[in-house]
Every structure is written in C-alpha cells, then in structure tokens.
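Just so you know, these numbers come straight off a predicted model, no measurement behind them.
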Amino acid sequence: MNDLDVRDVIIRAHREEWARVVASLTRRFGDLDIAEEAAAEAFATAVQRWPADGVPPNPGAWLTTTANRQAIDRIRRENKRDDKHRKAQMVYDDDPPEPVGAIDDDRLRLIFTCCHPALAMEARVALTLRMVAGLTMPEIARAFLVAESAMGQRITRAKAKIKAARIPYRVPSAEDLPARVSGVLAVLFLVFNEGYLATGPDTDPVRRELTAEAIRLTRLIRELLPQDGEVAGLLALMLLIEARRTARVSAGGELVALDEQDRGAWDAELIAEGHRLVRERLAAAAAGAAPGRYQILAAINAVHTSARDMRDTDWSQVLALYDQLVRLDPSPIIALNRAIAVAELDGPEVALAAVDRLEPQLAGYHAYHATRADLLRRLGRGRESRAAYDRAVGLAGNTAEIAYLTRRRDQLR
Amino acid sequence: MRYLVSVIDDKSNPGSTDRQPAISAFNERLIAEGYWVFSGGLADTDAATVIDNRGEQAVFSDGPFVESKEYLAGVWVWEAPDLDVALKLAAEASKICDRKIEVRPFL
C-alpha cells in the first residue's frame with residue numbers, strides 16, 4: 001500500500017470511526033473533552049504510524065484502543081481520577097435504549113447530548129459537527145463564517161454547560177423520544193440549509209461540504225433509528241434537494257429556477273434513493289402512520305422530481321400536500337410556498353391575493369418579495385413587479401439568488 | 001446534583017395570584033419523590049436591601065441590586081440525578097406557578 005492509499009484509508013476511517021471512538025470514550029470516561037482530545041490524538045498517531053507500520057487489520061478497533069490509552073495517559077498525567085473528578089463525570093445510563101427500534105449504540109447517546117434542548121441552537125450545531133461529524137474547529141468556523149476563536153469558545157462553553165448542569169449522556173425515554181429526535185433533525189436541517197442556501201457576500205452559493213455532512217449525519221441517524229418516519233422523511237428531503245444541486249446554479253453563478261433547470265443534470269441515483277424512502281413512508285401512511293412535516297416536504301419534492309418538466313408537474317398533488325402541511329405547521333412560509341402551487345392551478349391572480357395576506361408576517365423575508373415579483377410579472381404589472389424585485393434583492397443573502405433576481409428585474413421593461 | 005430553581009415573575013405581565021394551593025400540592029410530591037431540598041416564596045423586591053461592604057464602610061441601599069421588569073419571586077433547591085430530570089420537573093413547575101422558571105446547577 002503506498003502513502004496515498006494509506007491516506008485514503010485514514011480519511012475513510014476518520015469518516016466511519018470518529019463518532020464511534022468519541023462516543024465510546026465519552027461513555028467510558030464521562031467527559032467530552034477527554035474523549036475529543038484522545039480521539040484526535042489517536043487519529044494523529046494513525047497518520048504518523050500507518051504509512052510505516054501498515055494499516056492494522058481492524059482500523060476501528062486500533063483507533064479505539066489507541067484513543068483509550070491516550071485518555072488514560074492524560075488522566076494519569078493530570079491525576080484527575082480523584083473523587084472530585086468522578087463527581088464531575090457525566091451521567092450516563094447503562095441500560096440499553098428503549099425498545100423503539102433503536103440499536104444500542106453510544107453514537108446515539110452522543111448525538112442526543114450534542115443536540116440537547118438546553119443548549120443554544122448554534123452551540124448544538126457546532127458541537128454536533130465537532131463531536132459527531134469530526135469536523136475540525138477551523139472547518140466549522142469557516143462553514144459558519146465565524147472567527148475560529150469564537151467558534152472554539154462556543155464549543156468550549158457548550159461542553160462546560162453539559163458538565164456543570166449535568167446534561168445526561170443518554171438516549172431519551174420512549175415518551176420523550178419524538179420531541180428529542182425532532183430537535184436533532186432540526187440541527188441537521190439547519191446544517192443542510194446553511195450549505196444549500198449559503199448566505200454572505202463572499203461565500204459560494206452552495207457549500208457542498210455542509211450539505212454532504214448533513215446528509216451523512218442523517219444517514220447515520222437513520223441507521224440508528226430505522227423505524228422513525230421523520231428521520232426517513234428528512235433524509236429523503238435532503239437527497240431530493242441535493243440531487244438538483246448542480247442544475248440549480250448556472251456556470252455563471254446564477255440561481256436557476258425550477259422551471260428552467262436542465263432536468264437531465266439531476267442526479268438520478270439520489271432521486272431514486274429519495275423516491276424509495278418516500279414510497280416507504282407513503283406505505284406507512286397508508287397503514288395509518290401520520291406523516292410529519294419532513295415526510296410531507298419530501299413527498300412534495302418527490303412530485304417535482306418525478307415530473308419531466310414544469311408543465312408535467314402534478315400541481316394538484318403538490319397543493320394537496322401543502323394543505324396537509326399547513327394543518328401541521330401553519331407558518332406563513334409554508335403558506336407562501338403553497339401559494340406558488342396555487343398560481344399553477346388557479347392562476348397568478350388568486351395566488352397573489354393569498355401572498356398579499358402574508359405581508360404583515362413576511363415583509364422582511366426576501367422570498368416573499370421574490371414570489372410577489374414573479375406573480376406581478378406574470379400579471380403584466382411591470383412597475384410593481386420591479387419594485388418587488390428591488391426589495392427581494394435588498395433582502396436576499398445568497399449570491400446566486402441575488403444574481404437571478406437582479407436579472408429578472410432587469411428583464412422587465 | 002443540586003439545582004437552584006428560580007421562579008421568575010414579570011412586573012408588566014404578572015402571573016396569576018391563586019397558585020399557592022397547587023404549589024403546596026406540588027411540594028408534597030417533590031418531597032415524596034425525594035427531589036425537595038428547600039423552597040420558599042419571596043416578598044416583593046421593594047422589601048429588599050442591598051449591602052456593599054467592600055469599601056471603607058458598609059453602604060445600604062433600598063431595593064433590589066438590579067431594577068428590572070423581571071424579578072425573582074421564589075426559589076426551590078432540588079436534588080436531581082441529571083438536568084433532564086430537573087427540566088421535566090421545571091416544566092411542571094412553570095405550569096403550576098404560572099411563571100417562568102430558571103434552572104441552574106450548584107457547583
């Protein structure tokens with residue numbers, strides 16, 4: 001095996017084993033700091049040794065053993081295993097997780113701890129990317145356009161709170177599980193959206209590293225909670241959006257709207273996988289399981305990705321799904337997206353009336369003005385449309401979207 | 001693990017004043033289940049006095065150490081195995097007191 005191959009093996013081992021190593025060390029030593037540091041040291045040791053000594057037959061076991069040894073060394077060095085330290089240990093529950101289809105896996109404990117509702121959302125995101133996904137501090141800081149020191153502090157503070165307030169290292173009880181899973185999914189969807197709709201003047205319109213990481217983590221949760229419909233729904237949703245990634249931004253860095261996308265450039269494999277998951281959830285819904293919002297959003301995306309072109313889209317199906325979604329989540333943003341389907345079925349005038357009703361809640365949201373601008377354009381109300389595009393451009397943060405909205409505005413004569 | 005559980009009231013939007021019977025019943029339960037260490041409602045912040053004796057002589061001032069719309073209306077000290085247990089009880093306490101609750105661990 002040459003050095004390049006060894007490097008690939010190490011990269012793969014990092015992807016596959018990082019969370020497992022951190023999770024099992026956290027359980028053993030009751031301390032996220034020790035687990036994180038020892039895991040990082042074990043991977044650094046692998047980088048040093050494997051090219052010369054060869055890759056061990058079971059890289060995961062080697063990494064865990066090495067990390068364990070590093071952790072014990074550190075504890076001995078700091079002579080921390082006195083009573084005080086033991087008291088400061090995290091609380092964990094040795095019982096296997098509740099019988100909800102979950103397999104007993106320390107990684108699940110790690111995820112629930114990192115996404116604990118007592119932590120601020122931004123801390124949950126940072127901690128999950130560091131402890132579960134294994135991204136480095138500079139990588140996370142870059143992804144969220146924050147200074148490295150600020151990101152480091154955010155993670156340190158979160159870890160300190162986990163310890164001081166005794167946030168447990170445990171899979172929640174069956175009764176609390178749905179709410180806690182939905183908290184985890186919110187973190188993952190936020191990471192995905194930050195990659196998909198990256199904001200900021202100097203950033204790429206789509207940050208692939210974040211969408212990829214969000215999908216990878218959601219796959220992991222799916223592996224750990226295979227029975228959870230919303231997990232399957234979120235994974236399907238991400239896959240169906242990711243499948244259109246390359247078609248969604250032009251070579252010139254401009255957003256390409258759904259009706260203008262080259263559907264041949266969509267990723268057929270991701271779509272097939274997404275559709276498979278949606279079908280699985282449809283079957284569950286037919287058997288009586290009430291679908292949650294991610295499942296419905298995934299189903300809407302499945303309708304879009306099943307159509308050969310915009311005209312071929314089954315808009316009545318889209319609208320029916322939005323109606324279902326509105327009952328679950330009466331947020332104005334859902335109502336705005338529903339209006340887009342209304343425009344296709346009942347015409348732009350009816351849709352515009354529905355959109356205008358959302359003004360008090362959405363006046364500061366760029367997509368509200370962009371949707372209005374498009375509807376006004378279709379109604380031949382050029383001057384008003386241009387004004388709406390102006391407001392949308394002023395509020396939008398994504399570079400590709402700004403370029404698209406600007407061109408649309410300038411096309412109006 | 002001990003937690004200080006603070007009941008926070010808001011002068012501009014105070015919680016209802018008929019909560020005492022429900023709070024007493026909740027306290028009985030906390031005692032029976034082994035979480036209760038201490039509890040007490042507090043007099044109005046007007047009754048507070050702040051003492052600063054870090055300088056030459058003690059300075060007394062009338063009123064709370066910080067004037068704000070929100071103030072501490074009462075406290076509990078709970079013994080709970082971890083934050084999840086404390087938060088679950090605190091969620092109940094907030095309903096029962098009709099007020100916001102802060103949960104803070106002791107060192």
Before accepting this row, confirm whether a basic side-chain N of the pair A/Asp176/B/Lys88 lies closer than 4.0 Å to the acidic partner's carboxylate O. yes

Take a 6.0 Å sphere around CZ of A/Arg216 and say whether it holds more than 12 heavy atoms from other residues, nucleotides or ligands. yes

Other residues, nucleotides, ligands: >12 heavy atoms within 6.0 Å of B/Lys95 NZ: no

For B/Asp82, the option from A/Arg166, A/Arg170, A/Lys163 that meets salt bridge (charged side-chain N to carboxylate O under 4.0 Å, His left out): A/Arg170

Do you know which two heavy atoms are closest between A/Ala164 and B/Pro105, and how far apart they sit? O-CB, 3.2 Å

From the list A/Ser173, A/Pro168, A/Pro172, A/Pro117, side-chain contact (heavy atoms from CB on, under 4.5 Å) partner of B/Asp84 resolves to A/Pro168

